[in-house]
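What you see is a predicted model; the values in this text were computed from it and never measured. We use all heavy atoms of the structure for the numbers below, so side chains are in, but hydrogens, waters and symmetry mates are not.
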Amino acid sequence: MVTKDAFTDRRQALEDEFFHRVDERLISDMRAKKELETNRQQLAEVTGISDSHLIDELLAAGANAETVAALSLVPLVLVAWADGKMDPEERRPILAAAHEKGITEGTPAADLLEHWLSVKPKKKLALTWKHYITDLITRMSDESLLTLRADIMDRARAVANASGGVLGFVKTTIDERRVLSFLDEVLSRDVALPRTPK
C-alpha cells in the first residue's frame, strides 16, 4: 500500500522536474535572445547598416559578422542558379572569387557559400541582397559605386559564360541575362529598383 507521504514525494518530484524543464527552456530562450542581439549589433557594426529590419533580413538569410563577406558573392550565386541548376563550370569562378575575397575553407562564410552552391537559394536571398546593396550604395561615392558595379557585373558575366553555349555562340541563357539585367539595375542609383527575379 502506497502511503500519503509516498504520493506527496512523487508529486513533489514531478513538480520539481516540470519546473526544472521550464527553467531550462527559459534560460535557453534568454541565451538565444542574447545571442541574436549580439549578432544584430556585430552585423550592424561590420556592414554599417542601421536599419533593424534589414539586419534581421540578413540574419534570416544566414549572414552574420563572420559571413558578411559571402554576401558579395550572392550575385554570382543568383546567376549560376538562374537556369535551375548549378554546373561545375559555374562553381569554379564563384570559388575563385571567394578565395580572392579571403573566404577560406572551414570558415562560417565558406560554409554559407557552400550551402548556396549545393542547394538553390530561395527567392528571399535575392530580395535580401537587393535591400543590402541598395542600403550600401546610398553611402558610396559615385566612383566607388562604379568600381563595385564593374566588379560584380564582370564576375557575374564570367559565371554566366562559364557553361552552356551552342558551338561557342550564345553562352548566356535567357534566364541568366534576366538575372544580369536585375543585378545591373540594382547597382544603378538612377534606376527605380527592379523586381526580384524568379
Side-chain angles (χ1 to χ4, degrees), residues 36 39-40 42-86 90-91 93-103 107-140 144-162 172-173 175-198:
L36 179 61
N39 286 340
R40 273 191 188 114
Q42 290 173 344
L43 190 55
E45 287 172 16
V46 169
T47 61
I49 294 170
S50 58
D51 180 345
S52 61
H53 179 69
L54 179 52
I55 292 292
D56 286 343
E57 272 189 53
L58 292 171
L59 288 170
N64 59 38
E66 296 174 321
T67 62
V68 75
L71 286 172
S72 64
L73 301 172
V74 168
L76 312 186
V77 171
L78 297 177
V79 170
W81 281 106
D83 60 359
K85 62 187 184 328
M86 173 69 67
E90 293 170 321
R91 285 178 66 97
I94 297 172
L95 293 173
H99 180 72
E100 287 174 26
K101 292 182 179 298
I103 296 174
T107 62
D111 293 344
L112 181 60
L113 177 60
E114 185 55 42
H115 175 72
W116 290 340
L117 295 177
S118 303
V119 179
K120 183 178 180 182
K122 295 185 183 337
K123 184 178 177 180
K124 180 108 174 121
L125 181 63
L127 184 63
T128 299
W129 177 82
K130 179 172 77 171
H131 292 161
Y132 163 72
I133 205 71
T134 301
D135 184 80
L136 182 66
I137 66 177
T138 61
R139 293 178 272 123
M140 295 177 79
S144 296
L145 176 55
L146 286 174
T147 302
L148 176 70
R149 187 177 191 181
D151 179 64
I152 291 174
M153 294 308 299
D154 288 348
R155 291 177 190 274
R157 285 187 197 99
V159 171
N161 291 326
T172 58
T173 66
D175 291 328
E176 288 169 335
R177 287 194 294 273
R178 184 174 36 81
V179 173
L180 289 169
S181 176
F182 162 75
L183 297 174
D184 194 43
E185 288 178 37
V186 169
L187 291 164
S188 172
R189 269 197 267 248
D190 302 330
V191 178
L193 279 182
R195 290 179 46 195
T196 306
K198 295 178 184 173

*Given the rule in the side-chain contact (heavy atoms from CB on, under 4.5 Å) test, do K130 and T134 qualify, once you have shown the distances and angles that lead to the verdict?*
CA-CA 6 Å; K130 179 172 77 171; T134 301; 4.1 Å; yes

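- Rounding to the nearest 0.5 angstrom, the gap separating the OH atom in Y132 from the CD1 atom in I55 is 9.5 Å.
- The closest donor-acceptor contact from the side chain of R40 to the backbone of S52 lies at 3.5 Å or more, if one exists at all.
- The shortest side-chain heavy-atom distance between I94 and W116 does not fall under the 4.5 Å cut-off.
- M153 and L180 make their closest contact through CE-O, 3.3 Å (heavy atoms, listed as atom of the first residue, atom of the second, distance).
- Checking side-chain atoms of T138 against main-chain N and O of D135 turns up a donor-acceptor pair under 3.5 Å.
- Scanning all heavy atoms of the two residues, the minimum distance from P75 to L71 falls at CD-O, 3.9 Å.
- Across E100 and R155, no two heavy atoms sit closer than the pair OE1-NH2, 2.8 Å.
- Between E176 and R157, no side-chain nitrogen of the basic residue sits less than 4.0 Å from a carboxylate oxygen of the acidic one, so the salt-bridge criterion is not met.
- Residue L76 is tested with L95, V159, L113 for a side chain to side chain contact (heavy atoms under 4.5 Å, CB included); the sole match is V159.
- At least one donor-acceptor pair under 3.5 Å links the side chain of T128 to the backbone N or O of K124.
- Annotation: the span from S144 atom OG to I137 atom CD1 amounts to 12.0 Å, rounded to 0.5 Å.
- At distances below 3.5 Å, at least one donor-acceptor pair connects side-chain atoms of R149 with backbone N or O atoms of D184.
- Residues P121 and V77 approach most closely at CG-CG1, 3.8 Å, considering heavy atoms.
- Closest approach of A82 and D175 over heavy atoms only: O-CB, 3.4 Å.
- Of the options L125, I133, V79, a side chain to side chain contact (heavy atoms under 4.5 Å, CB included) to V74 is made by L125 and by none of the others.
- Two residues are said to be in side-chain contact when any heavy atoms from C-beta on lie closer than 4.5 Å; K120 and M86 fail this criterion.
- Between I152 and W129, the closest heavy-atom pair is CD1-CZ2, 4.4 Å.
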